[in-house]
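In what follows, a single structure is set out as structure tokens and then discussed.
We number each residue from 1, following the sequence as shown. The figures here come from the full heavy-atom set of this structure, side chains too, leaving out hydrogens, waters and symmetry mates. Keep in mind that what you see is a predicted model, and the values were worked out from it rather than measured.
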Amino acid sequence: VGSEMCIRDRNPTRKVHRLFLADLLSYYAVVQRDSRDIAGARKSFEESIGLYEAMQEDVKILVRHRAGLAGCYQSYGALLNFMRDPDAAAETLNKAITIRQNLVRDFPSVPDHRSNLAMSYTSLGVLYWNLREYQQALQSYQAAVDINTRLTEDFPQVFAHQDDLAAGYNNIGMTLRILQRYDEAFDAYQQCVKIRKKLMNQPSKIVYAGTQLASCYDNVGRLLRYQDDFAGSLEWQEKSINQLQQIFEHIGDDPRVLDKLHRAYRGRAETLDGLKRFAEAADDWKTSADIENGNDRTFPVSYTHLTLP
């Protein structure tokens, strides 16, 4: 309540105060969203957007205003997607894309504008994925990958650009799998694996990168299982489990690692069933269930990352 009063008590008559207020409301909406106050977040986003839009003629030349409005559209569109209001989400995300495209055009040397545009395309891809409009999702994911590919070429030492590119290839692989374009999906997953392995060379990021690499392995294993290549699937799923076990031994009882281990053991159990190795499959089913039953899986809401159905 104190924070909300502080935000709304700012003098709205001066341009700088209105811009400051719009920024604060947008940040506050994110806090509300992450605290699961979805209704409050929606109200704050709408107030922030209203302030930004009312100032467009007065401060349209300010990069901060344009970037702030685009960011607010981006976050609000993702929230609307989470709330299952796809038409409003698509309209809002496309507004963010339009502003960010213009920022990239006007300031091509600023990498943040490019990475933010890629983020908006990814969010639009997630929206189409949820609507099962997979071809449109694929186009949006490809647009994000194209941007992040150029960013990794221009800034090869920046971890975030490499990470975003790997995630983009993973999204493409998942979408191509749904479209039954299996060879292309395999190639996309291989690109993800290649980048994730490279990121393992950064000691400060090894736990995160290793966990993501294990997920890539698991996705390849699932893809091969969908094609009834159970032997190939088993090889990749064992890579995933081995990778996660090493991380677990390194950091201990981490719920996110346990969640991925639960999923990996379940996937290998399904593959072993396909190979008619039922006793080994039963062991993996039990291990998966034991991990799930002892794991608190209450995580912050994610609006931009996909999980396999």
Side-chain angles (χ1 to χ4, degrees), residues 7 18-60 62-107 112-148 164 167-168 171 175 300-307:
I7 289 173
R18 283 185 288 159
L19 185 55
F20 180 67
L21 177 57
D23 290 342
L24 277 179
L25 280 167
S26 181
Y27 298 146
Y28 185 53
V30 172
V31 172
Q32 291 174 301
R33 179 200 69 190
D34 292 344
S35 301
R36 306 298 180 107
D37 180 7
I38 304 302
R42 181 169 191 167
K43 180 181 177 182
S44 296
F45 275 132
E46 289 174 350
E47 289 184 30
S48 178
I49 288 171
L51 283 169
Y52 279 125
E53 291 180 339
M55 289 185 288
Q56 284 192 91
E57 290 304 314
D58 291 338
V59 296
K60 61 184 178 182
L62 294 181
V63 176
R64 176 186 162 193
H65 171 266
R66 295 163 66 186
L69 177 57
C72 200
Y73 281 143
Q74 162 73 33
S75 297
Y76 186 41
L79 180 70
L80 290 168
N81 184 22
F82 176 75
M83 297 174 68
R84 299 185 179 180
D85 190 349
D87 292 338
E91 179 183 1
T92 305
L93 288 171
N94 277 305
K95 287 180 179 179
I97 287 172
T98 297
I99 295 173
R100 286 174 165 172
Q101 285 174 332
N102 291 335
L103 286 168
V104 170
R105 179 200 64 202
D106 296 342
F107 306 95
D112 284 353
H113 296 324
R114 295 155 66 186
S115 61
N116 287 337
L117 177 58
M119 182 192 305
S120 292
Y121 277 123
T122 298
S123 293
L124 189 62
V126 172
L127 171 64
Y128 287 133
W129 169 278
N130 290 341
L131 294 173
R132 300 189 177 186
E133 296 178 9
Y134 297 115
Q135 192 59 51
Q136 289 178 281
L138 183 62
Q139 292 173 3
S140 295
Y141 291 144
Q142 187 62 58
V145 163
D146 290 343
I147 294 168
N148 284 319
D164 289 342
N171 289 340
T175 308
V301 175
S302 174
Y303 297 93
T304 59
H305 291 92
L306 289 171
T307 56

Of the non-hydrogen atoms in [X] and [Y], which two are nearest, and what is the gap between them?
| X | Y | value |
| --- | --- | --- |
| V30 | S75 | CG2-OG, 4.4 Å |
| R114 | I147 | O-CG2, 3.3 Å |
| R100 | S120 | NH1-OG, 2.7 Å |
| A78 | L93 | N-CD2, 4.1 Å |
| E53 | L69 | CG-CD1, 4.3 Å |
| L124 | A90 | CD1-CA, 4.5 Å |

Contact between [X] and [Y] at the side-chain level, heavy atoms closer than 4.5 Å - yes or no?
| X | Y | answer |
| --- | --- | --- |
| Y134 | L138 | no |
| Q139 | Y121 | no |
| M83 | I38 | yes |
| Y141 | V145 | no |
| R42 | L80 | yes |
| E47 | Y28 | no |

- Query: Distance-only, no hydrogens or angles: does the N81 side chain make a donor-acceptor pair with backbone N or O of G77 under 3.5 Å?
  - Reply: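 Checking the backbone N and O of G77 against the side chain of N81, no donor-acceptor pair under 3.5 Å is found.
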
- Query: Is T98 reaching over with its side chain to a backbone N or O of N94, donor-acceptor style, under 3.5 angstrom?
  - Reply: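 A pair under 3.5 Å: yes.
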
So how far is it from [X] [atom1] to [Y] [atom2], rounded to the nearest 0.5 Å?
| X | Y | atom1 | atom2 | answer |
| --- | --- | --- | --- | --- |
| F45 | R33 | CZ | CZ | 6.0 Å |
| Y73 | S48 | OH | OG | 10.0 Å |
| T122 | L117 | OG1 | CG | 9.5 Å |
| S140 | Q135 | OG | CD | 10.5 Å |
| N102 | R66 | CG | CZ | 6.0 Å |
| Q136 | L127 | CD | CG | 9.0 Å |

- Do D23 and Y52 get their side chains close enough for a donor-acceptor pair, meaning under 3.5 Å?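 Checked: D23/Y52 side chains pair up, N/O donor to acceptor below 3.5 Å.
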
- Test Y27 against V31 for side-chain contact (heavy atoms from CB on, under 4.5 Å), laying out the working first. CA-CA 7 Å; Y27 298 146; V31 172; 5.8 Å; no

- Around R84, counting heavy atoms of other residues, nucleotides and ligands shown, do more than 12 lie under 6.0 Å from its CZ? no

